[in-house]
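Just so it is clear, the model here is predicted, and its values are computed rather than measured. Quick note: residue numbers are just sequence positions, from 1.
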Amino acid sequence: MPEIPSGLTWERAAPPDATGPGPWIEIAFGEGDDGEAPVYIRETSDPDNVVTTNRRKWDAFVLGVQAGEFDHFVEGFEDS
């Protein structure tokens with residue numbers, strides 16, 4: 001398991017009007033600007049459990065979300 005660098009800047013993915021502790025997903029970008037640069041993902045309720053990927057895979061995921069490729073995961077889901 002790769003070591004998680006200290007001093008990462010975690011960005012919370014929460015709605016602008018969100019209140020409370022979440023749980024929310026947080027993203028941090030590691031050093032480097034190429035496709036192999038690390039990207040770290042964690043949940044606020046379990047910050048010691050960090051998933052690591054790279055920038056190339058993260059960018060592909062974000063583009064897929066924007067294109068609606070994952071919309072079927074929320075079919076029938078209603079905001080509470």
Side-chain angles (χ1 to χ4, degrees):
M1 185 152 122
E3 188 171 324
I4 308 304
S6 62
L8 290 171
T9 301
W10 291 95
E11 186 174 337
R12 188 166 291 177
D17 59 345
T19 59
W24 308 111
I25 298 296
E26 295 180 315
I27 312 300
F29 296 96
E31 290 187 24
D33 58 1
D34 65 355
E36 297 307 310
V39 177
Y40 305 96
I41 306 164
R42 70 182 184 185
E43 188 176 335
T44 55
S45 64
D46 188 11
D48 292 329
N49 187 11
V50 178
V51 175
T52 304
T53 188
N54 64 37
R55 189 60 188 248
R56 178 179 41 79
K57 292 174 184 176
W58 174 254
D59 289 347
F61 171 72
V62 170
L63 289 172
V65 170
Q66 289 175 333
E69 294 176 13
F70 301 96
D71 289 356
H72 64 282
F73 287 114
V74 294
E75 288 176 6
F77 176 79
E78 294 183 26
D79 287 336
S80 47

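- Between I41 and W58, the closest side-chain pair of non-hydrogen atoms falls below 4.5 Å.
- Under the 4.5 Å side-chain criterion, counting only non-hydrogen atoms from C-beta, I4 is in contact with T52.
- The CD atom of E36 lies 12.5 Å from the CZ atom of R55; values are rounded to the nearest 0.5 Å.
- For the pair N49 and E43, the minimum side-chain heavy-atom distance is 4.5 Å or more.
- Taken together through direct or relayed side-chain contacts under 4.5 Å among Ile, Leu, Val, Met, Phe, Trp and Tyr, F61 and V74 form parts of separate hydrophobic clusters.
- Using modelled atom types, no side-chain atom of T53 and backbone atom of V39 make a donor-acceptor pair closer than 3.5 Å.
- Closest non-hydrogen pair, Y40 versus P5, comes out as OH-CD, 3.3 Å.
- Closest approach of P15 and W24 over heavy atoms only: CD-CZ3, 3.5 Å.
- No salt bridge links R42 with D46; every basic N to acidic carboxylate O contact stays at or beyond 4.0 Å.
- Linking ILVMFWY residues whenever their side-chain heavy atoms come closer than 4.5 Å, directly or via other members, leaves L8 and I27 in distinct clusters.
- V65 and F29 fall within the same hydrophobic cluster, defined by Ile, Leu, Val, Met, Phe, Trp and Tyr side-chain heavy atoms under 4.5 Å apart, directly or through other members.
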